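Got a structure for you, written out below as structure tokens; questions coming shortly.
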Protein chains: 2
Amino acid sequence: MLHAGLLDDLGCRIAWGRLPPGTVLTTAALEAEYGLSRTVVREAVRVLEAMRLVEARRHVGITVRPRPEWNALDVRLIGWNLAGPGRQEELGSLMELRQAIEPVAARLAATRASAGDRAELVALASRLRDLGRQGLGESQEYLTADIDFHRLVAQSSGNYMFAGVLGEVIGEVLAGRTRLGLSPALPAVEALDLHQIAALAISGGDADAAERAIRAIVEEARRAALDAGAATEPAPAATV
Amino acid sequence: MLHAGLLDDLGCRIAWGRLPPGTVLTTAALEAEYGLSRTVVREAVRVLEAMRLVEARRHVGITVRPRPEWNALDVRLIGWNLAGPGRQEELGSLMELRQAIEPVAARLAATRASAGDRAELVALASRLRDLGRQGLGESQEYLTADIDFHRLVAQSSGNYMFAGVLGEVIGEVLAGRTRLGLSPALPAVEALDLHQIAALAISGGDADAAERAIRAIVEEARRAALDAGAATEPAPAATV
DNA sequence: ACTTATGCAATAGTCATACTTATGGCCCAG
DNA sequence: CTGGGCCATAAGTATGACTATTGCATAAGT
């Protein structure tokens, strides 16, 4: 589909600073550059406009807006940022977002989660512990269970904003940890314990304990990322 | 501009449940219903698709997606929700989001804010105190200063995601408080003190104190909203 | 010299028509 | 009942024509 391709290409060029804020494009120039019809160009521009990456004005053209105006929490934009030279910075921002949201999500989950979700969280924490003890902290299975755990906490919070943003980005953040080797084959006992504590606290309705445990989990992850701070993950190849 | 009108109309109809998940539209039917060209319809649908409100498929049409799949933190969607029957629920979710984000933003602001921003925060807190003491807690001036204060905390955090989402929604949330009469003409001394404490903590680089103060501010706001829980604000007239 | 008004070209916005593409559902055969 | 093929469905794309708005350049006025 041509629309998706053009949208991604333009989105990346903007997100990566290749079309810096203030750049003025025209639909005619884009048609010529990409060899596509006006329909495809306009439709892609409409989406970029909706994301506040550009502003289209008659007689002027399509101007790239300043970065602070962009819809920072747009999932597509997050993806573009993660796929480009600003990946580390984006992961850092996402880590801070997790730091903010996950403890509150856990607190809410402790009061709102369904019985089924409570049981599922306990089961996931058990799974993480088992895999961790087997030295499989770097495995896909561990990663999947870790992602599922955090997603379920967000969903159980009953706040669909938490569920939405965390559901979308937690996979990327945790996978990034694994790729950076920040998820050791033998996870620290304390980390596994914290997942257990969090799951049991949510399951038992203890909001304070749930919040403290998740806060500690996220803090540990943040510290590990800081310790590895200079270990820069190379940006993915710049082709989307 | 026809595009914006159609987008808002369709967006609201979906957000308000008038086009419930599972509803299948076609571009032909929308053209006929709205008396607009295919171009306008397609461009609007593109944006809705990007927001994950709908999915367009050949041979099927344009299907409204289940609500959990929507981009919950899309600013436009938040606006549609706030303009419709789900306003209270949306304000509740936003309050929780504030609860999560603002304390962490304050913590980060304490370490990252520029000297100018630190001074500005202190000045805004002073302004709030002065207006509050004059019994102007319900005034537009107080509201403006309150919004500016919280926005600046978010911006000073140096996390553009915090700045983005709070910058967009804080005005709406705080204005809703004023409209509901939850912002008393004579604000409690403690509330004014907390803004001072937060501003001074950020200005002085005390992250713990900044976080505690902002947390207390947001918690006080949340409690006030709970106390007024049954005082339902009528949804705005359903015309955007 | 500065300010205001006017006109025109620039570029997006909209409409209509034609053609292409993929795909879901239905029908038929084994 | 299952699998394969075909066709109609509806989106996806292209193009030409026309409309609408507006920014900029120029001219006129003070």
Side-chain angles (χ1 to χ4, degrees), chain A residues 1-14 18-66 69-71 76 79 240, chain B residues 1-14 18-66 69-71 75-76 79-80 240:
Chain A
M1 188 169 75
L2 300 177
H3 169 75
L6 179 60
L7 177 60
D8 275 340
D9 202 62
L10 282 178
C12 284
R13 286 170 68 186
I14 293 171
R18 295 178 187 174
L19 295 176
T23 306
V24 182
L25 312 162
T26 65
T27 54
L30 289 172
E31 286 170 52
E33 179 182 348
Y34 285 94
L36 297 172
S37 73
R38 183 136 55 82
T39 304
V40 178
V41 168
R42 288 188 55 82
E43 289 179 10
V45 167
R46 280 290 189 225
V47 176
L48 294 171
E49 235 183 335
M51 293 169 67
R52 312 258 291 258
L53 264 65
V54 302
E55 177 186 33
R57 292 180 75 90
R58 297 187 215 232
H59 192 86
V60 176
I62 298 145
T63 309
V64 179
R65 299 173 80 136
E69 294 179 12
W70 304 355
N71 276 355
R76 208 175 304 266
V240 177
Chain B
M1 190 170 73
L2 299 178
H3 170 76
L6 180 59
L7 178 59
D8 275 339
D9 201 63
L10 281 179
C12 284
R13 286 170 70 187
I14 294 172
R18 295 179 189 172
L19 294 175
T23 305
V24 182
L25 312 163
T26 65
T27 52
L30 289 172
E31 286 169 53
E33 179 180 349
Y34 286 94
L36 297 172
S37 72
R38 187 133 60 85
T39 304
V40 179
V41 170
R42 289 187 55 80
E43 290 181 9
V45 168
R46 282 289 191 224
V47 176
L48 294 171
E49 236 184 335
M51 292 168 68
R52 313 259 291 260
L53 265 65
V54 302
E55 176 188 31
R57 293 180 74 93
R58 295 188 215 232
H59 193 86
V60 176
I62 299 145
T63 309
V64 178
R65 300 174 79 135
E69 293 179 16
W70 304 354
N71 277 354
V75 171
R76 207 176 305 266
W80 290 332
V240 179

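Proteins get letters first, then strands, A, B, ... in listed order; numbering begins at 1 in each. No experiment lies behind these values; they were computed from the predicted model shown.
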Between protein and nucleic acid, restricted to nucleotides 17-20 of chain C and to nitrogen or oxygen atoms under 3.5 Å apart, what atom pairs and distances do you find?
unit_1 : atom_1 : unit_2 : atom_2 : d
C:dA18 : N6     : B:R38  : NH2    : 2.8

Value rounded to 0.5 Å, distance of CD in B:E49 from NE2 in A:H3:
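B:E49 atom CD to A:H3 atom NE2 measures 6.5 Å (nearest 0.5 Å).
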
Just do the salt bridge (Lys or Arg N to Asp or Glu O under 4.0 Å) check on B:R52 and B:E69 with the steps written out, would you?
CA-CA 6 Å; B:R52 313 259 291 260; B:E69 293 179 16; 5.9 Å; no

Between B:I62 (CD1) and D:dG12 (C1'), how many Å, whole number?
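Going from B:I62 (CD1) to D:dG12 (C1'), I get 12 Å.
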
For a quick test of reading the model, state the closest non-hydrogen atom pair linking B:E55 to B:R65 and the distance between them.
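Scanning both residues, the minimum pair turns out to be N-CG, 3.9 Å.
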
Under 4.0 Å: is that the gap between some side-chain N or O of B:R57 and OP1 or OP2 of C:dG24?
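It does, given that an N or O in the side chain of B:R57 lies less than 4.0 Å from OP1 or OP2 of C:dG24.
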
Using a cut-off of strictly less than 4.0 Å, decide whether B:S37 has a side-chain nitrogen or oxygen near OP1 or OP2 of C:dC15.
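Checking B:S37 against C:dC15: at least one side-chain N or O falls below 4.0 Å of OP1 or OP2.
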
Would A:L48 and A:L7 count as a side chain to side chain contact (heavy atoms under 4.5 Å, CB included) here? Give the steps.
CA-CA 8 Å; A:L48 294 171; A:L7 177 60; 3.7 Å; yes

From CG of B:L30 over to P of D:dG12, roughly how many Å is that when rounded to an integer?
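The distance from CG of B:L30 to P of D:dG12 comes to 13 Å, rounded to the nearest Å.
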
Check B:I62, B:L30, B:L10 against B:V41 for a side chain to side chain contact (heavy atoms under 4.5 Å, CB included) and give me the one that passes.
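Single pass found, and it is B:L30.
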
Roughly how many Å is it from CE in B:M1 to P in C:dT14, rounded to a whole number?
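Checked: the CE to P distance equals 6 Å.
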
Has B:R46 got a side-chain atom pairing as donor or acceptor with A:R46's backbone, closer than 3.5 angstrom?
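No, B:R46 side chain to A:R46 backbone: no donor-acceptor pair under 3.5 Å.
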
Heavy-atom contacts under 4.0 Å between residues 40-50 of chain B and DNA chain C, which residues?
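Of all residues in residues 40-50 of chain B, the ones placing a heavy atom under 4.0 Å from DNA chain C are B:V40.
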
Just call it for B:L6: base, sugar-phosphate, or nothing, with non-hydrogen atoms closer than 4.0 Å on any strand.
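Nothing, no nucleic acid heavy atom in range.
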
For B:T63, which residues count as a side-chain contact (heavy atoms from CB on, under 4.5 Å) partner, sequence neighbours excluded?
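Expected list: B:V24, B:V60.
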
Counter-base of D:dT30, judged by Watson-Crick or G-U geometry with both distances under 3.5 Å
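Partner of D:dT30: C:dA1.
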
Give the rounded distance in Å between these two atoms: OH of B:Y34 and P of C:dT14.
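The answer, rounded to whole Å, is 15 Å.
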
Atom CG of B:L2 and atom P of C:dA12: how far apart are they, to the nearest Å?
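Going from B:L2 (CG) to C:dA12 (P), I get 17 Å.
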
N/O (side chain, B:T39) to phosphate O (OP1/OP2, C:dC15) under 4.0 Å:
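For B:T39, the contact criterion (side-chain N or O under 4.0 Å from OP1 or OP2 of C:dC15) is not met.
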
Check: C:dA10 base within 3.5 Å donor-acceptor of A:H59 side chain:
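Such a pair exists between side chain and base.
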
Inspect the contact between B:E31 and B:R38 and indicate whether a charged nitrogen and a carboxylate oxygen are less than 4.0 angstrom apart.
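Judged by the 4.0 Å cut-off on N to carboxylate O distance, B:R38 and B:E31 do form a salt bridge.
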
Look at B:T27 and D:dA11 and indicate whether a side-chain polar atom (N or O) is within less than 4.0 Å of OP1 or OP2.
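So the side-chain polar atoms of B:T27 do come within 4.0 Å of the phosphate oxygens OP1 or OP2 of D:dA11, strictly under.
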
For B:E55 and D:dG12, what is the distance between atoms CD and P respectively, to the nearest whole Å?
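So the two atoms are 10 Å apart, to the nearest Å.
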
Apply side chain to side chain contact (heavy atoms under 4.5 Å, CB included) to residues A:E33 and A:L25 and explain how you reach the verdict.
CA-CA 11 Å; A:E33 179 182 348; A:L25 312 162; 5.9 Å; no

